[in-house]
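Counting starts at 1 for both ligands and their atoms, following the listed order.
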Amino acid sequence: MFGILHWERIMIMLLVACIFMSLITVPAAAIERHYTWEVTYQYKSLDCYKKLAIAINGLTPGPTISAVQGDTIVVDVINNLLMENVAIHWHGIRQRGTPWSDGTDGVTQCAIMPGETYSYTFVVDRPGTYMYHSHYGMQRESGLYGMINVSLPVGVSEPFNYDLDRGIILSDWYHRTAYEQSTGLSSIPFDWIGEPQSLLISGRGNYNCSGLAPSVCNSTNPQCSPSSLTVISGKTYRLRLASLTSLSSLSFQIEDHEMTVVEADGQYVEPFVTKNLFIYSGETYSVLVTANQDPSRNYWTSINVVSRKPKTPNGLAIFNYYPNHFLKLPPTNPPNANSMTANVSEAHPWHLHGHDFWVLGYGEGKFNLSRDIEKYNLVDPIMKNTVPLHPYGWTALRFQADNPGVWLFHCHIEAHLLLGMLVVFESGMEQVGNIPKANYGCGKTKDLFKP
Ligand SMILES: *[C@@H]1O[C@H](CO)[C@@H](O)[C@H](O)[C@H]1NC(C)=O
Ligand SMILES: *[C@@H]1O[C@H](CO)[C@@H](O)[C@H](O)[C@H]1NC(C)=O
Ligand SMILES: *[C@@H]1O[C@H](CO)[C@@H](O)[C@H](O)[C@H]1NC(C)=O
Ligand SMILES: *[C@@H]1O[C@H](CO)[C@@H](O)[C@H](O)[C@H]1NC(C)=O
Ligand SMILES: *[C@@H]1O[C@H](CO)[C@@H](O)[C@H](O)[C@H]1NC(C)=O
Ligand SMILES: [Cu+2]
């Protein structure tokens with residue numbers, strides 16, 4: 001008798017628990033999204049100059065991951081590069097509970113060797129704009145990157161309004177391969193990578209092919225015609241911007257249109273209006289743009305290099321109003337004189353894995369804690385995962401070490417990372433659960449390692 005009662009009670013408790021759980025699980029529609037990505041070399045003419053790039057399922061940049069807050073993402077990465085390892089980092093995703101899926105070669109995993117498949121599993125626990133990219137050597141600059149777009153569950157709305165949502169990836173492009181560049185950086189004497197040959201908007205740029213064989217550089221190749229964003233007059237667009245440049249700090253603008261910045265690195269920001277947005281490698285922003293100009297002409301969307309001597313021509317894309325689309329050839333594209341600086345140093349965008357940080361302050365000259373602590377904003381500092389450290393200056397950050405794992409903190413300039421501008425934070429390792437066996441050991445040594 002007592003036994004039966006006991007079981008009944010347990011059943012009722014379980015039932016109550018089930019109902020309660022289903023009520024508190026926030027995104028009720030959370031699902032698992034499964035992707036299979038084959039990583040290969042492909043010849044691409046992204047800026048008209050033909051070079052070997054790295055593609056995901058044939059695409060450079062790679063496909064956009066669109067998910068809803070709370071979804072579980074599973075990506076099976078098949079490395080079909082013949083001679084190169086791969087590791088993919090999910091930039092801005094904190095990997096709470098899955099630190100082994102952070103995708104940093106030599107830190108959270110042994111890189112995926114040619115012929116191998118590795119499965120990344122993680123939850124996108126916050127809405128916002130993120131990205132993914134290779135975190136193996138300087139491989140990112142071969143085009144192995146893309147955007148992650150996390151939207152809110154049905155019934156929950158953003159704290160701002162827009163009609164349509166578009167993604168724009170900004171990058172710079174070198175004609176030498178990442179392999180040649182990293183070899184140069186490790187040789188004596190040191191061979192610096194120099195300036196990129198072009199800037200890309202949504203994977204398209206325009207290099208001046210004059211003097212080159214058309215088999216190498218064909219300026220009428222449709223692959224390098226400028227990308228276009230066709231808008232409907234009167235509508236407001238949310239543009240999700242992500243900078244994946246190898247080196248360049250950029251200014252982004254749309255001719256005659258103002259932008260309202262509403263999100264940065266996956267955090268809502270106090271909206272502000274601007275004509276030029278400075279965006280550093282590793283940063284993401286959402287801006288709202290209302291199509292409120294003369295619809296009978298085209299406008300240029302452009303990016304230009306800031307804080308370096310501008311040897312790289314501006315990147316251009318077409319911003320036009322439906323149904324008008326005028327074919328307009330790129331202008332001679334002189335570098336923007338405003339971005340000229342005489343100084344050889346540059347901003348270093350620092351990126352932290354696994355966390356966001358508060359930006360408490362920044363200043364010029366040598367940091368002095370007892371003096372500079374007075375300048376800290378402890379009231380409403382912005383929260384980011386990437387922040388520029390300006391030449392001859394300092395930036396003060398604070399973060400909560402609340403995510404057990406090993407996390408890279410590094411400069412997002414590919415060459416600087418390769419040269420060692422990085423540090424690893426090890427946090428609460430005793431609380432990290434069962435690390436998948438696939439993260440231990442490389443190739444033939446894989447079976448020798450025991451967790
Ligand atoms: C982001 O995802 C939402 C919902 O799936 C979709 O409507 C929107 O077009 C996506 N935006 C981009 C830039 O991919
Ligand atoms: C250049 O590309 C265009 C468009 O793909 C093609 O029609 C043309 O034959 C190419 N020119 C040369 C010289 O390869
Ligand atoms: C391309 O380069 C050639 C030779 O350097 C130059 O004469 C020409 O004006 C350039 N074209 C453009 C569109 O910049
Ligand atoms: C760059 O700027 C810093 C600080 O303003 C100055 O000390 C340094 O001499 C400058 N270097 C060059 C090469 O102009
Ligand atoms: C740091 O600032 C404090 C307060 O202004 C000053 O007393 C001290 O001399 C400074 N230290 C250095 C090393 O400059
Ligand atoms: Cu740097």
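Within the 4.5 Å cutoff, the side chain of I318 has heavy atoms near those of the W300 side chain. Here the side chains of I54 and Y41 are in contact, with some heavy-atom distance below 4.5 Å. Between I201 and T301, some side-chain heavy-atom pair lies under the 4.5 Å cut-off.
A donor-acceptor pair shorter than 3.5 Å can be found between the side chains of R238 and S286. For the residue pair H353 and D102, a side-chain donor N or O sits within less than 3.5 Å of a side-chain acceptor on the partner.
Counting non-hydrogen atoms of other residues, nucleotides and ligands closer than 6.0 Å to OH of Y362 gives a total of 12 or fewer. A 6.0 Å sphere centred on CZ of F190 holds more than 12 heavy atoms belonging to other residues, nucleotides or ligands. A 6.0 Å sphere centred on OH of Y179 holds no more than 12 heavy atoms belonging to other residues, nucleotides or ligands.
When atom types are taken as modelled, the side chain of Q69 and the backbone of L152 share no donor-acceptor pair closer than 3.5 angstrom.
Each of the atoms 13 (C) of ligand 1 lies under 4.0 Å from some heavy atom of G167. Of all atoms in ligand 3, numbered sequentially from 1 with element shown, those under 4.0 Å from a heavy atom of S210 are 1 (C), 2 (O), 3 (C), 4 (C). Of all atoms in ligand 1, numbered sequentially from 1 with element shown, those under 4.0 Å from a heavy atom of S151 are 4 (C). Those atoms of ligand 1 with a heavy atom of S66 less than 4.0 angstrom away are 1 (C), 2 (O), 10 (C), 14 (O).
For the Cu ion (ligand 6), the count of nearby protein N/O/S atoms, taking only those under 2.8 Å, is 3.
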Disulfide bond (SG atoms under 2.5 Å apart) between C209 and C48, worked out:
CA-CA 7 Å; C209 289; C48 304; 4.8 Å; no
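Looking from atom 1 (C) of ligand 1 to the surrounding protein, the closest heavy atom is N149 ND2, 1.4 Å. In this structure, atom 7 (O) of ligand 1 lies nearest to the protein heavy atom D165 OD2, 4.9 Å.
When heavy-atom distances to ligand 1 are checked against a 4.0 Å cut-off, R166 comes that close only through its backbone atoms N, CA, C and O.
Note that atom 11 (N) of ligand 1 has protein non-hydrogen atoms nearby, at separations under 4.0 angstrom.
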